[in-house]
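Because the structure is predicted, anything quoted here is derived from the model rather than measured. Residue numbering restarts at 1 for every chain, and letters A, B, ... go by the order of the sequence lines.
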Amino acid sequence: MSAQKKRNFQIEAFKHRVVVDPKYAEKTWKILEHAIHEIYNHNASGLSFEELYRNAYNMVLHKFGEKLYSGLVTTMTFHLKEISKGIEAAQGELFLVELNRKWADHNKALQMIRDILMYMDRTFIPSTHKTPVHELGLNLWRDVVIHSIKTQSRLRDTLLELVHMERSGEVINRGLMRNIVKMLMDLGSSVYQEDFEKHFLDVSADFYRLESQQFIESCDCGDYLKKAERRLNEEIERVSHYLDARSEPKITSVVEKEMIESHMQRLVHMENSGLVNMFVDDKYEDLGRMYNLFRRVPSGLSIVRDVMTSYIRDTGKQLVTDPDRIKDPVDYVQRLLDLKDKYDKVISLAFNNDKTFQNALNSSFEYFINLNARSPEFISLFVDDKLRRGLRGVSEEDIEIVLDKVMMLFRYLQEKDVFEKYYKQHLAKRLLSGKTVSDDAERSLIVKLKTECGYQFTSKLEGMFTDMKTSQDTMQGFYSRFGAELGEGPTLVVQVLTTGSWPTQASTTCNLPPEILGICEKFKSYYLGTHTGRRLSWQTNMGSADLKATFGKGQKHELNVSTYQMCVLMLFNNADRLNYRDIEQATEIPAVDLKRCLQSLACVKGRNVLRKEPMSKDIAEDDAFFFNDKFTSKLYKVKIGTVVAQRESEPENQETRQRVEEDRKPQIEAAIVRIMKARRVLDHNNIVAEVTKQLQSRFLPNPVVIKKRIESLIEREFLERDKEDRKLYRYLA
Amino acid sequence: MTSVVDFLHMNRFDIVQIYRQYCDIRSQNGLYHGNEDSGHVESQIAKSSKQALAELFLYVKSSLQMGNSIVDELAKVMSHPNLMVDFSEFSRFYEFVFFVSREHGQKNITVSRAVRAWRLVLDGRFRLLNQWCDFVENNQRHNISEDTWLQVLAFSCCVHENLEGYDPEGAWPVLIDDFVEHMYRQSGSNKISKLYCTCGDSESQSGVFEDSLP
């Protein structure tokens, strides 16, 4: 561009004729040197800043920058050496005070010097790549004062000594401390780290190693943790008061390592006060402290978790295998729930609701609850107990809470199908004896089961409820049609149960008394008249009856008995004395049931409406029974031998097991076929794995049983073995 | 397939002839297994060969009513030199044994018949034959299925006297699994535990088993 412009006049700048005084530089420097001396001697008030600035300016301008700079270095070094001597001479505690004072002085002086030499700082130094004045001052301070042989170690030791004193509980001058540390930081982070922090960390590690050793010998676990926590907080506080904030993670990790990590195992397993004792004594605070401290170190929490897991497993295992506990199923389940509550509380109060701890808790329960094969039965019995009487007078929300807890246990069960089996039995008894406290609670639980296991699981249970409802309507219909005609006769309440929905029981019909045969027949024809194509059979083993009886002194009572008992008692309308064999012949009740029902009629005090000869606890086949004229009771209504669901006896239990196993066979086969239909070809181990996966929401199939089912399917030509690889199965469409 | 009809006119019951016929039907079937371009044709073939086998089976059963024991007849086949040379030939024969040992309309054979047949055909081929047969006689109540029958041959081939070569994950029929467990138990629980714990000491183990399982 400039080339295209017209050439203009060149105006030469007016040039000073500079008189070069050969001593100019020397003289000027002398002035400045003097000024620096005065500044260090606190005599700066007589100096003219303007003059000094101009002199320095001129020196730089006249190319004497180099001289100025080196002069500054020499002079400042000289002064700092003097200062250093003074600091070194300071005795005892005055050392730091002196250092701090001189440091302040030096800073002030440095400020002034920099102002005077500002022109040099701005022009000469950048162009010659020298250290700027302020930094130069700091470097010289570092090299001359701080790193002087006498001061360097003394400063370090003094600082560390102060920290140690503070750790020992003495009060120190934190302001002074902060200033000195600040000085080190101002001199550069490497100075702070090399001259102080490194040593500080080492000494701290030694200190805490020793202290933790002492503590662990003398304190119990809780106290130790308290002390460790306090130490940790002290260090954090120390950093905030007079150390570099970046030191905080370093010093805390030292404390963590020495006080926690090195002693974790010992702390957790400490006799009489370790983790297990904290669990036993519900020491939530200590547990929380342990959690928070151990969380700081790697693998700390996993140690706590492992100990917790194995402890829960042990206690749980003891609980479920204790023969005393097994005697009382309701108590057994209640204890399981209490155990769960306890650890839920620990985890929420002390362990910060940590997911990994919750998982550990769940897996522990899953482990031990399935150690006892009767857990499913007992849980169902627990529900039965609650729904029969346990929940009377309890608010709806509380019912929900109990049921939710039960569902939680249910989730841990591997053999959910066994639970279903028992639940069905118990529900049937509850429904038929009219003993359910709350229909809502019953339905609520079924809904929960449904959400947990799907429609299939509960469809039959729901069928039972439907039957009950339908039966009510049927009875209403029956009585509205025949009510008048039936008159004073006995009242019949029939529950029509759909086969398949209700637990199957070998139907052994006894002979009903002639008094009710009539109405039974009438109902039968009424029902079959409205429902063609159906078959009705009387399940006399499941019913109950209310009888009005008059005893010796004209006393009237209403007896609540089972259908079997009713059949027996009705016989005594026509006879005062009957032999066992007579009764058996007349009623055709199966011997086991008959004995049981006679026992409750004749052998239970306060309920003995019959008298037995000879008097004994057990029923023999040649006993004789009499109507007990002298029966008395304070109550008008007398309940005899209620059919409460009880834990099964050993043989019954075996039988149920067997039935469950039988029921599982088709389920396993169906699963195999489903899988093979989709996969066409699959090897043995994969089939087993898949089947297990598919069925685990209901039960845990045994691999041998799966294998047997596969063999059976091969024989029935659903599958074949591959001709080359005998471990492969093929699906045959 | 016309040859089946020929059979019905044979006046002497010749088991070797029947066996040859069986092989023919089976290999015809196998021939089509080779080229799998048309599933329909294949299933047709399979169907007709199945029918042929059924007719052959009926013939065998009706001829045997004359009183000959099938086991004696099978011995004749075995003494025939040309038929027993290589293993694939033998395994075809082994299948044939199951085929003729069945009762009419059944898919499996009784324990006693299976044991007799095993003692005959696996003689010298299965080192644990005696133990196997004893075990099955004493412990198996159900009939032997075709799958189990075939797997016993595979088992006899890959298992040594000391049960080495048996893989518990190997998809063996339950009867074979049970047999192995029974053998382990018989050889003494103390020795068996040794087998599982001291894996390094294999020399003494095999010694133990040779002693205990002659």
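Of the atoms belonging to B/Glu169, heavy atoms from both backbone and side chain fall under 4.5 Å from chain A. Residue A/Glu717 touches chain B through its side chain alone, counting heavy-atom pairs closer than 4.5 Å. With a 4.5 Å cut-off on non-hydrogen atoms, A/Glu711 touches chain B through its side chain but not through its backbone. Contacts of B/Asp178 with chain A are absent, with no heavy-atom separation under 4.5 Å from either backbone or side chain.
With rounding to the nearest 0.5 angstrom, the CG atom of B/Asp147 is 11.0 Å from the CG atom of A/Leu713.
Within 6.0 Å of the NZ atom in A/Lys707, the count of heavy atoms belonging to other residues, nucleotides or ligands exceeds 12. Heavy-atom neighbours of B/Phe99 CZ from other residues, nucleotides or ligands within 6.0 Å: above the threshold of 12.
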side-chain contact (heavy atoms from CB on, under 4.5 Å) between B/Thr148 and A/Glu715, intermediate numbers included: CA-CA 9 Å; B/Thr148 305; A/Glu715 206 174 340; over 6 Å; no
Verdict with supporting geometry, B/Val174 and A/Val704, side-chain contact (heavy atoms from CB on, under 4.5 Å): CA-CA 7 Å; B/Val174 176; A/Val704 176; 4.2 Å; yes
B/Gln151 and A/Arg721: CA distance, side-chain angles, deciding distance, side-chain contact (heavy atoms from CB on, under 4.5 Å) verdict: CA-CA 10 Å; B/Gln151 291 307 306; A/Arg721 246 182 236 271; 2.9 Å; yes
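With salt bridges taken as basic N to acidic carboxylate O contacts below 4.0 Å, one links A/Lys727 and B/Asp167.
Of all heavy-atom pairs spanning B/Ala171 and A/Arg726, the tightest one is O-NH2, 3.4 Å.
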